[in-house]
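The structure presented is a predicted model; accordingly, all values stated were derived computationally and were not measured. Both ligands and their constituent atoms are indexed starting at 1 by order of listing.
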Amino acid sequence: MTPTFSAATRACALAQLAQFIPHAGSAYAKHRNLHRPGHPHVSQLSPYLRSRLLTEAEVIRAARDAHGDSAETFVAEVLWRAYWKGWLEIRPHVWRETQAGVAASLARLDRDRTLAHTYEAACTGQTGIDGFDHWARDLTATGYLHNHQRMCFASIWLYTLHLPWQLGADFFLRHLLDGDPASNTLSWRWVAGLHTPGKQYLAQAEVITTLSDGRYWPKGLAQRVFPVAAPPSPVPGPCPQGGLWNRNLPTALLLHEDDLSPDWLLQAGLRPLSTAFLLAPGARSPRPVSPLIGDFLRRAVTDCSRRLAADLSTLHGPVQGPGAVDALVAWARQSGAVQIVTPFAPVGPVASLLASLDTRLAAENIRLVRAMRPYDAALWPHATQGFFRFHQTARHLIQQGLV
Ligand SMILES: Cc1cc2nc3c(=O)[nH]c(=O)nc-3n(C[C@H](O)[C@H](O)[C@H](O)COP(=O)(O)OP(=O)(O)OC[C@H]3O[C@@H](n4cnc5c(N)ncnc54)[C@H](O)[C@@H]3O)c2cc1C
């Protein structure tokens with residue numbers, strides 16, 4: 001059984017959460033690395049968390065309510081998402097550097113036919129490596145891969161096939177429904193030993209065979225890692241903060257693919273004159289992005305519009321593609337608002353579009369306010385060092401009820 005995420009709705013996300021919660025305690029800690037068909041031991045909530053049809057805070061609360069401290073392994077995994085986001089937020093240069101690496105590696109493919117041949121075989125699942133080829137095909141067919149398969153795929157891509165890690169990260173971003181600039185880029189860097197110096201991930205055939213219940217028997221995997229060249233990690237800069245909106249000003253709401261649940265803004269009293277939606281799946285890569293991602297996001301927008309129809313007046317969009325910023329400037333002008341509130345978009349394609357929009361709106365005397373969720377504001381600034389320290393702080397904040 002392969003996962004399908006055809007129902008990109010909050011109701012579906014909540015149903016999946018409810019179904020998974022009984023397994024989020026010690027069973028998750030014990031079995032989460034097994035990648036059995038249908039992936040019964042993991043939640044498969046990531047596409048919903050990525051678009052925030054469901055939030056991390058909700059998932060953590062549900063797991064802790066059901067299992068208390070026995071949910072700690074699961075909660076820690078959910079916290080990795082905030083850790084990666086915070087880490088990149090205070091080192092945004094790493095994202096720009098990765099994008100430049102993708103462009104340079106794509107240019108290399110034009111010059112190096114052997115490399116291009118290996119790359120094509122890897123992306124289409126025709127390398128002859130058992131497991132790896134199945135995962136490539138599963139990923140392109142479903143938009144999902146189990147975490148251990150992602151780790152092994154990235155390791156084989158880099159150390160066995162000698163392909164640039166940036167092209168692998170780009171391949172994932174083009175196909176994963178949960179494709180996320182922070183989690184994806186930084187996980188690939190982790191496999192390559194660029195996150196924790198001296199720690200690289202080497203996929204081992206026997207482990208793959210064991211964890212897949214004997215389904216895969218890969219042969220010829222690299223027996224050792226090699227150093228991957230990269231500039232040193234930049235020192236952390238300040239963590240961005242969210243903006244404050246003025247309740248007394250005519251306001252419009254701009255929702256985007258990084259956060260499609262504006263309930264928290266509506267509960268805080270926001271009454272938008274108009275609401276627009278921005279999607280940017282095509283901006284995830286210079287290469288074509290899987291249509292599954294755009295389909296999922298468009299359905300998520302439809303769900304959000306239907307669910308909150310009573311509170312969201314005059315819906316506009318989804319706006320996407322090269323003319324998106326122009327279209328949003330025209331919408332903002334027509335809405336009569338002097339302030340546009342938008343959920344804070346973490347480093348990635350949407351944040352880049354919002355930066356351009358901000359400049360254009362300023363020329364129209366319209367303010368763009370990036371409102372940050374309390375969960376992000378509480379956790380991101382702590383991603384200054386390794387995950388261990390971050391986890392300790394996050395755990396404390398959760399126990400105090402501050403997250
Ligand atoms: C090379 C590589 C690339 C990855 N790319 C992405 C990506 O683009 N987007 C993404 O969301 N995750 C990414 N991950 C992390 C992880 O593999 C997925 O979050 C997880 O497999 C999603 O499946 P699930 O919802 O069933 O996870 P579960 O095990 O059920 O975990 C619950 C939730 O916790 C979060 N989570 C779990 N593990 C991690 C992790 N290691 N890092 C960050 N968050 C985690 C996810 O939001 C996930 O939905 C990547 C991992 C690797 C090794």
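When each atom of ligand 1 is checked for a heavy atom of Tyr28 under 4.0 Å away, the hits are 28 (P), 29 (O), 31 (O). With ligand atoms numbered from 1 in the order given, ligand 1 contributes 8 (O) to contacts under 4.0 Å with heavy atoms of Gly179. In the vicinity of Ser46, heavy-atom distances shorter than 4.0 Å reach the ligand 1 atoms 22 (C), 23 (O), 25 (O), 49 (O). Contact atoms of ligand 1 toward Asp180: 7 (C), 8 (O), 9 (N) (distance under 4.0 Å to a heavy atom of the residue). Each of the atoms 43 (C), 44 (N), 47 (O) of ligand 1 lies under 4.0 Å from some heavy atom of Arg81.
Using a 30° and 60° split on the angle between ring planes, His316 and Trp331 fall in the parallel class, below 30°. Taking the six-membered ring where the residue is Trp, Phe153 and Phe132 present parallel rings, their angle staying beneath 30° rather than reaching 60°. Under the 30°/60° scheme for interplanar angles, the aromatic rings of His195 and Trp84 are found to stand perpendicular.
How far CD1 of Ile60 is from CZ of Phe74: 8.5 Å, rounded to the nearest 0.5 Å. Here Arg215 contributes atom CZ and Arg36 contributes atom CZ; the two are 12.0 Å apart, rounded to the nearest 0.5 Å. Atom-to-atom distance recorded for Leu328:CG and Leu368:CG is 9.5 Å, nearest 0.5 angstrom. Between the CG atom of Asp180 and the CZ atom of Phe172 there is a distance of 13.5 Å, given to the nearest 0.5 Å. Taking CZ of Arg271 as the start and CG of Leu265 as the end, the distance is 11.0 Å to the nearest 0.5 Å.
Under a 4.0 Å heavy-atom criterion, Leu49 is in contact with ligand 1. Using 4.0 Å as the threshold, Phe74 has a heavy atom nearer than that to some atom of ligand 1. Under a 4.0 Å heavy-atom criterion, Arg32 is not in contact with ligand 1.
Looking only at heavy atoms of the protein, atom 3 (C) of ligand 1 is closest to Asn184 OD1, 3.4 Å. Annotation: atom 27 (O) of ligand 1 to nearest protein heavy atom, Ser43 OG, 4.2 Å. For atom 23 (O) of ligand 1, the closest non-hydrogen atom of the protein is Tyr144 OH, 3.2 Å. Regarding atom 7 (C) of ligand 1, its nearest protein heavy-atom neighbour is Asp178 OD1, 3.3 Å. At the shortest separation from atom 42 (N) of ligand 1 among protein heavy atoms lies Trp84 NE1, 3.4 Å. The nearest heavy-atom contact from the protein to atom 6 (C) of ligand 1 is Arg150 NH1, 3.2 Å. Atom 53 (C) of ligand 1 has as its closest protein heavy atom Met151 CG, 3.5 Å. What sits closest to atom 40 (C) of ligand 1 on the protein, heavy atoms only, is Trp80 CB, 3.8 Å.
At least one N/O-N/O distance between Asn147 and ligand 1 falls below 3.5 Å. At under 3.5 Å, not a single nitrogen or oxygen of Ser187, backbone or side chain, sits near a nitrogen or oxygen of ligand 1.
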Show which side-chain atoms of residues 382-393 pair as donor or acceptor with protein atoms under 3.5 Å away, not counting sequence neighbours.
from   : atom 1 : to     : atom 2 : distance (Å)
His382 : NE2    : Ala378 : O      : 3.3
His391 : NE2    : Glu72  : OE2    : 2.7
Thr393 : OG1    : Arg389 : O      : 3.1

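Residue His396 places its NE2 atom among 12 or fewer non-hydrogen atoms of other residues, nucleotides or ligands, all under 6.0 Å distant.
Nearest heavy-atom pair across Trp95 and Leu173 is CH2-CD2, 3.9 Å.
Remark: among candidates Glu77, Glu56, His148, Arg50, the nearest residue to atom 36 (N) of ligand 1 is Glu77, based on non-hydrogen atoms.
Leu177 is listed as a side-chain neighbour of Ile293, based on a closest heavy-atom distance under 4.5 Å.
The residue Phe20 has no part lying near ligand 1, judged by heavy-atom distances below 4.0 Å. Heavy atoms of Leu176 found under 4.0 angstrom from ligand 1 belong exclusively to the side chain.
Side-chain atoms of Gln166 and Thr98 include no donor-acceptor pair closer than 3.5 Å.
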